[in-house]
Protein chains: 2
Amino acid sequence: MAVARAAKTQRRTRIQEEKEERILDGALEVFSASGFRGTTIDQIAEATGMSKPNLLYYFRTKEAIYRRLLERMLFTWLEPLKAFDAEGDPQAEIRSYIRRKLEMSRDYPRESRLFANEMLQGAPHIGDELNGPLKQLVDEKADVIRAWIKAGKIARCDPYHLIFAIWSTTQHYADFDVQVRAVLGESRAGEGRFEDAARFLEQMFMRGLEIKGA
Amino acid sequence: MAVARAAKTQRRTRIQEEKEERILDGALEVFSASGFRGTTIDQIAEATGMSKPNLLYYFRTKEAIYRRLLERMLFTWLEPLKAFDAEGDPQAEIRSYIRRKLEMSRDYPRESRLFANEMLQGAPHIGDELNGPLKQLVDEKADVIRAWIKAGKIARCDPYHLIFAIWSTTQHYADFDVQVRAVLGESRAGEGRFEDAARFLEQMFMRGLEIKGA
DNA sequence: TGATAATTTGACCGGTTGGTAAAACATTAC
DNA sequence: GTAATGTTTTACCAACCGGTCAAATTATCA
């Protein structure tokens with residue numbers, strides 16, 4: 001009766017890897033819709049097709065599952081921002097950042113909603129991440145944007161609010177998906193909405209950041 | 001032992017009005033942070049300083065409270081969009097819309113989060129409102145924007161995505177408040193952040209919608 | 001093959017949840 | 001003042017919650 005989660009066992013079984021993945025996938029489904037407090041272990045168990053005790057064999061607590069999901073998500077979520085390159089062409093960098101963020105909203109909407117849920121609740125589980133690594137990363141990229149402004153490559157603006165604007169507009173298509181679909185109606189709610197959004201956002205930000213009279 | 005909630009009594013007591021208000025206020029506090037599934041009646045009772053059965057004397061169920069909050073919120077939430085005037089100056093109309101939405105994020109952040117929570121969950125309680133009245137209103141205003149474009153008053157763009165962009169950027173300051181504060185840091189996280197945001201957003205949208213070469 | 005370790009299950013537990021019943025208490029109208 | 005009505009409380013319930021336990025089952029490997 002060895003315990004998979006005990007520190008003793010170093011190597012992970014094939015079954016362990018598979019099941020943990022399945023659990024995380026099912027948990028993401030439920031957590032992203034109902035938040036931490038709003039989801040029950042039974043819901044996750046049902047979503048994965050496992051029994052509750054079996055699920056708790058792989059993750060000691062509900063919170064352990066949630067934390068793992070958040071860790072994972074935060075990492076991939078910040079990837080696009082890290083790619084922001086000071087040496088590159090500002091217009092191209094910003095344009096590709098918008099595009100990548102929009103693709104993430106299209107391809108990983110559940111992760112986006114998980115994050116949004118955590119924010120709405122006041123970030124009780126990742127407050128430290130926000131004040132530490134995230135802030136540091138954003139400060140760094142804000143400097144890059146400021147340098148572009150100083151060099152006369154883009155219009156003068158507040159770099160922090162620019163980043164907020166890109167975040168919010170792109171994530172909106174994942175977090176408020178129901179609303180977007182409802183408003184666009186059946187005819188325009190297909191996958192093409194992401195292309196339309198990309199076109200609009202690129203135009204808006206590009207023009208908004210153009211140097212006047214350039 | 002008359003029952004306040006019974007259909008019989010037409011007139012509302014002073015006490016009824018006061019208590020109902022208190023309950024809705026406390027409930028908004030909890031629902032907006034934890035969503036419908038995530039909040040308990042006990043939490044609401046504590047937030048209002050009433051006992052649970054007393055609370056259930058005024059609202060039959062948890063859902064009844066939630067629904068009332070949503071109704072109320074939806075109404076005030078759409079007010080700014082209704083004010084959008086086809087006869088007015090496009091630049092001024094859009095500018096003031098941004099400003100009003102931003103003020104709502106500042107003054108009614110809990111309402112914004114309540115709405116966001118409902119959206120994240122897939123709008124199980126107000127799906128009909130979205131597909132009916134909301135869609136209709138947005139369609140109407142999209143026509144107004146299209147007319148401005150046709151008249152050569154603003155740049156060509158997709159009116160729906162323009163509205164989405166205004167919604168998302170402004171509501172971001174309420175829904176992702178923790179993140180905004182964390183990233184801006186202590187020095188800039190004061191109330192002034194809304195002024196900074198307004199300046200940035202107005203500039204971005206105004207330039208983004210300017211007619212090229214005008 | 002059999003022993004050993006890994007996995008899965010059913011039964012269970014104390015605490016919480018949404019909600020009820022009835023009686024005690026307060027307010028209002030006459 | 002008192003009777004009728006409106007409000008609040010105490011005690012309670014069945015279902016659900018996160019999580020444990022020991023036994024049953026399955027996979028691994030010498």
Side-chain angles (χ1 to χ4, degrees), chain A residues 1-27 29-31 33-69 121 124-125, chain B residues 1-24 26-27 29-31 33-70 121 124-125:
Chain A
M1 51 126 183
V3 182
R5 62 209 186 211
K8 256 196 265 183
T9 25
Q10 298 300 29
R11 214 172 340 154
R12 308 253 304 286
T13 318
R14 169 186 53 87
I15 294 179
Q16 267 172 52
E17 229 151 299
E18 280 176 20
K19 291 292 167 75
E20 282 182 18
E21 210 50 47
R22 243 174 75 189
I23 292 169
L24 287 172
D25 187 71
E29 194 71 32
V30 190
F31 277 133
S34 306
F36 181 72
R37 286 228 42 190
T39 91
T40 70
I41 300 182
D42 289 276
Q43 282 177 304
I44 302 173
E46 193 182 359
T48 63
M50 301 170 67
S51 69
K52 183 167 60 166
N54 195 187
L55 194 149
L56 288 164
Y57 170 72
Y58 293 103
F59 292 90
R60 243 194 294 266
T61 62
K62 181 171 100 168
E63 196 161 337
I65 308 175
Y66 189 70
R67 296 197 96 93
R68 267 277 274 286
L69 280 175
Q121 284 159 34
H125 297 86
Chain B
M1 49 127 182
V3 182
R5 61 209 186 210
K8 257 194 264 185
T9 24
Q10 297 301 28
R11 211 170 345 153
R12 310 252 306 285
T13 320
R14 167 187 53 87
I15 295 180
Q16 265 170 55
E17 227 150 302
E18 281 176 17
K19 292 289 166 75
E20 282 182 17
E21 210 50 46
R22 243 175 74 191
I23 292 169
L24 288 172
E29 194 72 32
V30 189
F31 277 132
S34 306
F36 180 72
R37 287 229 41 192
T39 90
T40 70
I41 301 183
D42 290 276
Q43 282 177 306
I44 301 173
E46 193 181 1
T48 64
M50 301 169 67
S51 71
K52 182 169 61 168
N54 195 186
L55 193 149
L56 286 164
Y57 171 71
Y58 293 101
F59 292 90
R60 244 193 293 264
T61 62
K62 182 170 99 168
E63 196 161 336
I65 309 174
Y66 188 70
R67 295 196 97 94
R68 268 278 273 286
L69 280 175
L70 279 182
Q121 284 158 37
H125 298 86

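In what follows, chains are A, B, ... by sequence order, proteins preceding strands, each numbered from 1.
Of all non-hydrogen atoms in A/Ala45 and A/Ser51, the two that sit nearest each other are CB-C, 4.2 Å. Shortest non-hydrogen contact noted between B/His125 and B/Arg67 is O-NH2, 3.6 Å. Considering all non-hydrogen atoms of both residues, B/Leu55 and B/Thr48 come closest at CD1-OG1, 4.2 Å.
If you take CD of A/Gln43 and P of D/dA15, they are 19 Å apart, rounded to a whole angstrom. When rounded to the nearest whole Å, the span between CG of A/Leu55 and P of C/dT9 equals 11 Å. Per the geometry, CG belonging to B/Leu56 stands 15 Å off P belonging to D/dT7, to the nearest Å. When rounded to the nearest whole Å, the span between CD of B/Glu18 and P of C/dT27 equals 12 Å. Between the CD1 atom of A/Ile41 and the P atom of D/dC17 there is a distance of 10 Å, given to the nearest Å. Atom CD1 in A/Ile23 sits about 14 Å away from atom P in D/dG19, given to the nearest Å. If you measure from atom CD1 of A/Ile44 to atom P of D/dC17, you get 11 Å, rounded to the nearest angstrom. Atom-to-atom, NZ of A/Lys52 to P of C/dT7 comes out at 21 Å; the value is rounded to the nearest Å.
With D/dC17, C/dG18, C/dT7 as the candidates, the nucleotide lying closest to the side chain of B/Asp42 is C/dG18. Proximity note for A/Pro53 (side chain, C-beta onward) versus C/dT17, C/dG10, D/dT8: the nearest is C/dG10. Of the candidates D/dG18, D/dT7, C/dT7, the closest approach to any side-chain atom of A/Tyr57 belongs to C/dT7. Listed nucleotides: D/dG18, D/dT10, C/dT9. Nearest to the side chain of A/Asn54: C/dT9. Checking C/dT7, C/dG18, D/dT8 against every side-chain atom of A/Gln16, the shortest atom distance belongs to C/dT7.
Residue B/Met50 is the one, among B/Met50 and A/Thr61, whose nearest nucleotide of DNA chain D lies closer to the 5' end (criterion: closest heavy atom).
Within the 4.0 Å cut-off from OP1 or OP2 of C/dG18, not a single side-chain nitrogen or oxygen of B/Arg37 is found. Taking side-chain N and O atoms only, B/Tyr58 has a distance below 4.0 Å to OP1 or OP2 of D/dT8.
Contact of the A/Arg37 side chain with the B/Thr40 side chain is registered, since non-hydrogen atoms from C-beta on lie closer than 4.5 Å. Contact annotation: the side chain of A/Ile44 approaches that of A/Phe31 to within less than 4.5 Å [non-hydrogen atoms, C-beta and beyond].
Within 4.0 Å (heavy atoms only), A/Ser51 reaches at least one base atom of the nucleic acid.
Between the side chain of A/Lys62 and the base of D/dG19 there is no donor-acceptor pair of N/O atoms closer than 3.5 Å.
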